[in-house]
Amino acid sequence: MEIKKVGVLGCGLMGSGIAHTAARNGFPTVVREVNQELLDKGLKGVFDFIDKSIQRKKGTVFERRQVKNYLTGTTKFEDLAGCDLIIEAIPENLELKNETFAALDKIVGKDTIFASNTSSLKVVDMARATARKDKFIGMHFFNPVPVMKLVEVVRTKETSDEAFAAAMAFVKKIDKVGVACIDTTGFVVNRLLVPYLLDAIRAYEAGIATVQDIDNAMMIGCGYPMGPLTLLDFVGLETTHYIGGIMTKEFGLPQYHSPWLLQKMVEKGMYGKKSKVGFYDYSKGEPIPNDAALKKLLEEK
Ligand code: CAA
């Protein structure tokens, strides 16, 4: 089972990052979106990311050329027919994922490996929608995908040794590091990261320190590259709330339960960077700590 050609489902933030990473490492890669508009937006994002990296002297012109040569986009499932590995990065909706995998199962060859980039669903619940449970794995990438080196490679009880080994070898070839995980909600990173992020919100709710000081404490005191409240804004508050909800349902533990402030912020559409407002205000370019607005919200508690 050698992976030579890669398919990616979804050209959003994760899908475009995965497709970019596979292509820059010389894998012919086809990324599929539901319509041309979303596809064009995703592909533009890939080249914008590369151009910014070149300006910052972190990316190279060679990388841009590789991606130009090896990455193609499509809106048709049929164009994924010749892929050896197909990585799904569509919205976290089990029904939608299963419909997609079931449709694709009939189109691609019997040896093609299916992988899901889910961060919170059980891989086995998707594998069951296909006739290739032995060739079904989880491959959980991290944001921003072209930069972050980790991939959680998840095997179910039915994943074959060959499929798992092929996935691990692929991860190495795209210059990432794979960690092997069993198929449990949140795998390793979210199991540890989600309670940490939610605890940072609890600390803020308790009035322990300002937004900036909570972030500074963890960056300066523990050497984290980003403070937890900034990271929440980057991941998306609604995403963390959603993942925490799934983990609460699965484990029934209070550390995964969304604090009052997070629920309120999500209700108000304060999703973080993508909505330009979260723990920081991004509307004026440079992020400004949003303490005044958050304190006002907390008065409602
Ligand atoms: N999500 C989305 N974009 C991110 C990001 C994140 N977590 N972290 C950084 N970026 C983006 C920045 O916005 C920036 O893009 P723009 O130029 O468009 O503003 C670009 O990546 C580069 O970021 P920096 O300016 O910070 O550049 P740097 O080289 O100094 O550092 C970095 C890059 C090492 C990625 C650093 O930003 C970092 O460590 N970020 C945190 C990464 C992290 O913790 N990722 C895990 C998130 S959790 C997850 O992905 C799993 C899940 O299931 C929820």
Side-chain angles (χ1 to χ4, degrees), residues 10 12-18 20-21 41-42 44-60 63 87-93 97 115-123 138-154 175-179 181 184-198 200-201 215-216 218-220 222-247 250 256 258 262 266 271-276 278-288:
L13 194 61
M14 296 306 284
S16 65
I18 296 166
H20 167 181
T21 305
K41 189 173 169 220
K44 181 178 179 302
V46 169
F47 288 101
D48 287 350
F49 191 97
I50 296 174
D51 290 341
K52 254 191 200 169
S53 314
I54 295 173
Q55 275 168 21
R56 292 173 170 154
K57 307 219 176 323
K58 287 185 179 166
T60 61
E63 173 181 2
I87 306 170
E88 166 275 313
I90 65 173
E92 286 285 88
N93 174 324
K97 285 183 196 277
S116 173
N117 177 56
T118 184
S119 56
S120 51
L121 301 171
K122 285 232 180 86
V123 176
M139 285 178 99
H140 185 213
F141 290 78
F142 292 83
N143 237 328
V145 179
V147 180
M148 302 306 285
K149 285 271 192 180
L150 182 70
V151 184
E152 291 177 317
V153 184
V154 182
D175 197 27
K176 304 243 181 252
V177 176
V179 293
C181 303
T184 174
T185 309
F187 315 126
V188 177
V189 171
N190 278 337
R191 195 179 182 112
L192 304 184
L193 180 67
V194 172
Y196 161 67
L197 296 177
L198 298 180
I201 305 177
D215 275 353
N216 281 345
M218 296 313 291
M219 285 193 295
I220 301 166
C222 297
Y224 286 17
M226 249 182 203
L229 300 177
T230 300
L231 186 54
L232 274 157
D233 277 356
F234 275 70
V235 169
L237 301 196
E238 85 296 7
T239 304
T240 308
H241 174 59
Y242 178 78
I243 296 174
I246 292 183
M247 295 180 83
E250 177 74 17
Y256 299 113
S258 288
L262 177 60
V266 171
Y271 296 156
K273 208 173 171 218
K274 71 179 79 158
S275 69
K276 296 219 179 321
F279 285 97
Y280 292 80
D281 181 345
Y282 301 86
S283 61
K284 293 174 189 78
E286 278 301 295
I288 301 165

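When a ligand or atom number is given, it counts from 1 through the structure's own listing order.
A donor-acceptor pair under 3.5 Å is formed between the side chain of Lys149 and the backbone N or O of Asp175. Looking at Glu152, its side chain does come within 3.5 Å of a backbone N or O of Val189 through a donor-acceptor pair. Checking side-chain atoms of Lys58 against main-chain N and O of Ile50 turns up no donor-acceptor pair under 3.5 Å. A side-chain donor-acceptor contact under 3.5 Å links Asn117 to the backbone of Phe141. Under the 3.5 Å distance criterion, the side-chain polar atoms of Ser275 are matched with a main-chain donor or acceptor of Tyr271.
Close to ligand 1: Asn190, with a non-hydrogen atom less than 4.0 angstrom away.
Across Arg56, Lys52, Gln55, Met14, heavy-atom proximity to atom 22 (C) of ligand 1 is greatest for Arg56. The heavy atom nearest to atom 12 (C) of ligand 1, considering only Phe187, Phe234, Tyr224, is found in Phe234.
Within the listing of ligand 1, atoms 13 (O), 19 (O) sit less than 4.0 angstrom from a heavy atom of Lys273. Against a heavy-atom cut-off of under 4.0 Å, Met148 is close to the following atoms of ligand 1: 35 (C), 42 (C), 43 (C), 45 (N). Against a heavy-atom cut-off of under 4.0 Å, Ser119 is close to the following atoms of ligand 1: 53 (O). The ligand atoms of ligand 1 that sit less than 4.0 angstrom from a heavy atom of Pro225 are 39 (O).
Considering only non-hydrogen protein atoms, atom 44 (O) of ligand 1 sits nearest to Leu231 CD1, 3.5 Å. Atom 33 (C) of ligand 1 has as its closest protein heavy atom Val147 CG1, 4.5 Å. Nearest to atom 21 (O) of ligand 1 among the protein's heavy atoms is Pro144 CG, 3.7 Å. If you check which protein heavy atom lies closest to atom 7 (N) of ligand 1, you get Asn143 O, 3.4 Å. Shortest contact from atom 51 (C) of ligand 1 to any protein heavy atom: Phe142 CD2, 3.4 Å. Nearest protein neighbour of atom 48 (S) of ligand 1, counting heavy atoms only, is Leu193 CD2, 3.7 Å. The shortest contact between atom 40 (N) of ligand 1 and any protein heavy atom is with Met226 CE, 3.5 Å. Distance from atom 27 (O) of ligand 1 to its nearest protein heavy atom, with residue and atom name: Lys58 NZ, 4.0 Å.
Counting only N and O atoms by type, the side chains of Tyr282 and Asp233 include a donor and acceptor under 3.5 Å apart.
Atom CD1 of Ile18 is separated from atom NZ of Lys176 by 9.5 Å, given to the nearest 0.5 angstrom.
The protein does not reach atom 31 (O) of ligand 1 closely, with no heavy atom under 4.0 angstrom from it. There is no protein heavy atom less than 4.0 angstrom from atom 36 (C) of ligand 1. Remark: atom 18 (O) of ligand 1 lies closer than 4.0 Å to at least one protein heavy atom.
Residues Lys44 and Asp48 are paired through a salt bridge, judged by an N-O separation under 4.0 Å between the basic side chain and the carboxylate.
When ring centroids are compared, Phe234 and Phe279 stay outside the 6.0 Å threshold.
For Lys274, the NZ atom counts as densely surrounded, since its 6.0 Å shell holds more than 12 non-hydrogen atoms of other residues, nucleotides or ligands.
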Practice prompt. Any chance you could lay out the side chain to side chain donor-acceptor pair (under 3.5 Å) test for Tyr280 and Asp215, step after step, and finish with the verdict?
Written response: CA-CA 11 Å; Tyr280 292 80; Asp215 275 353; 2.6 Å; yes

